[in-house]
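Everything below concerns the one structure shown next.
Keep in mind that the numbers below use all heavy atoms, side chains included, and drop hydrogens, waters and symmetry copies.
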Amino acid sequence: MNRLAYLSQISIFEAMPLEELLEMDRLKAIDHFRHVPAHTVVQTPETEREGLFFVKEGKLRLYKLHPDGRQFTLGILSKGNLFGELESFSLGTRRVYIETMEPSFLCSMTDAQLERVLLSRPRLALKLLKALSDQLKERDDRLEQLAFSDLRGRVIHLLTTLAARFGAAGDDGYVAIDLRLSHQEIANMLGATREAVSVVMRELVKEGRIRTGRMSVALALEAGPELALQPQSQDADG
């Protein structure tokens, strides 16, 4: 696939007319296309990546480590999402780990390339700000859940969010989440223990609110976002 085709499939460029995409191609605004295998750590707190990176294909997880070794997921990036740090602004990815969850394809833009493009494409600057705003809102929502919900409420909120982003509704009344999810990975996303998450997951399965398989979770269609707002039992999160 040529450079222009890649540009047209990155979310912040999707509404650009063909002539503007051609101009972007002439500017060589995006380069360094590369495939990254699954479960590859592409950044650690000690090896922050300079530049703006676009997820062309695949999924990546941003997380931090607790002093006791537990992981806490800050967010999941999928096709069209951005990460990285530039002199002009930050995408909030400093001092975090970034790891691919599946085979991924990344491309990048330097600070100078981005500045040149934004000065000549103000509409692109607005789309970039919206993309940043959406990512920060998702992170704020996660932090609010951590602060005000017990573990059961946090699990439900997480699964509802993942179903909304990565779900596909089936004929059986469930939305299958297109992520490989073990109880340990869900625990990592919530900063909880696997044992405590397993207790909650078994309860939700028994209630018919979720279905689980090997590394898979499906959420009942009636278990919408409002479910997370209902009073929840006081499960310990270890």
Side-chain angles (χ1 to χ4, degrees), residues 1-18 20-45 47-63 71 73-86 89-94 96-118 121 124-125 127-136 138-139 161-168 176-182 185 188-189 215-216:
M1 189 179 293
N2 61 32
R3 184 187 302 270
L4 181 58
Y6 282 126
L7 284 173
S8 67
Q9 294 186 45
I10 294 173
S11 63
I12 67 170
F13 301 120
E14 63 189 0
M16 293 181 69
L18 177 60
E20 293 192 14
L21 285 172
L22 289 169
E23 177 63 19
M24 292 283 294
D25 188 40
R26 285 192 291 271
L27 289 172
K28 291 182 169 53
I30 290 185
D31 51 18
H32 302 117
F33 302 99
R34 69 188 186 103
H35 288 280
V36 184
H39 309 300
T40 299
V41 176
V42 299
Q43 175 183 294
T44 71
T47 59
E48 294 174 358
R49 305 185 67 86
E50 292 296 325
L52 184 64
F53 294 82
F54 301 87
V55 183
K56 171 62 180 62
E57 294 290 347
K59 298 181 181 71
L60 294 87
R61 183 168 67 97
L62 281 64
Y63 66 94
Q71 299 179 5
T73 298
L74 299 171
I76 296 176
L77 306 179
S78 57
K79 182 177 179 178
N81 285 154
L82 320 171
F83 69 94
E85 301 294 327
L86 299 169
F89 64 89
S90 169
L91 284 172
T93 55
R94 292 195 186 281
V96 303
Y97 292 86
I98 303 177
E99 181 180 11
T100 56
M101 302 177 70
E102 60 187 42
S104 301
F105 195 73
L106 308 178
C107 46
S108 64
M109 179 183 291
T110 66
D111 196 48
Q113 288 170 324
L114 179 64
E115 182 176 350
R116 185 167 68 247
V117 169
L118 294 185
R121 301 288 184 275
L124 185 60
K127 294 191 72 174
L128 181 60
L129 288 174
K130 184 181 184 305
L132 174 59
S133 175
D134 290 344
Q135 289 182 202
L136 293 177
E138 180 179 335
R139 182 176 299 187
T161 300
L162 294 179
R165 285 190 60 190
F166 307 113
I177 299 173
D178 184 23
L179 289 172
R180 290 175 59 82
L181 290 174
S182 66
E185 287 169 329
N188 291 344
M189 293 182 186
M215 302 290 286
S216 66

Heavy-atom closest contact ([X] atom, [Y] atom, distance):
{"X": "Ile177", "Y": "Leu181", "result": "CG2-CD1, 4.0 Å"}
{"X": "Val96", "Y": "Gln43", "result": "O-NE2, 3.1 Å"}
{"X": "Lys79", "Y": "Glu57", "result": "NZ-OE2, 3.6 Å"}
{"X": "Ile76", "Y": "Met101", "result": "CG2-SD, 3.9 Å"}
{"X": "Glu102", "Y": "Gly58", "result": "OE2-CA, 3.4 Å"}

Legend entry - Any Leu60 side-chain heavy atom under 4.5 Å of Phe83 side chain: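 Side-chain contact under 4.5 Å: yes.
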
Legend entry - Leu106 vs Val55 side-chain heavy atoms within contact, under 4.5 Å: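 Yes - at least one pair of side-chain heavy atoms lies under 4.5 Å apart.
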
Inset, instruction - Just do the side-chain contact (heavy atoms from CB on, under 4.5 Å) check on Phe53 and Val42 with the steps written out, would you? - result: CA-CA 11 Å; Phe53 294 82; Val42 299; over 6 Å; no

Once you round to the nearest 0.5 Å, how far does [atom1] of [X] lie from [atom2] of [Y]?
{"X": "Tyr63", "Y": "Ile98", "atom1": "OH", "atom2": "CD1", "value": "10.0 Å"}
{"X": "Thr73", "Y": "Tyr97", "atom1": "OG1", "atom2": "OH", "value": "13.0 Å"}
{"X": "Thr161", "Y": "Met189", "atom1": "OG1", "atom2": "CE", "value": "11.0 Å"}
{"X": "Arg61", "Y": "Ser78", "atom1": "CZ", "atom2": "OG", "value": "15.0 Å"}

Inset, instruction - Determine yes or no for a side-chain-to-main-chain donor-acceptor pair under 3.5 angstrom, with Thr40 supplying the side chain and Thr100 the backbone. - result: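 Side chain of Thr40 to backbone of Thr100, a donor-acceptor pair under 3.5 Å: no, none is there.
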
Legend entry - Residues in side-chain hydrogen bond (donor to acceptor under 3.5 Å, both in side chains) contact with Arg180, at least two apart in sequence or another chain: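 Arg180 satisfies side-chain hydrogen bond (donor to acceptor under 3.5 Å, both in side chains) with no residue once adjacent residues are dropped.
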
Legend entry - Glu185: partners by salt bridge (Lys or Arg N to Asp or Glu O under 4.0 Å), with sequence neighbours left out: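 Per chain and number, Glu185 pairs via salt bridge (Lys or Arg N to Asp or Glu O under 4.0 Å) with no residue.
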
Legend entry - Working for side-chain contact (heavy atoms from CB on, under 4.5 Å), residues Lys59 and Phe166: CA-CA 10 Å; Lys59 298 181 181 71; Phe166 307 113; 3.5 Å; yes

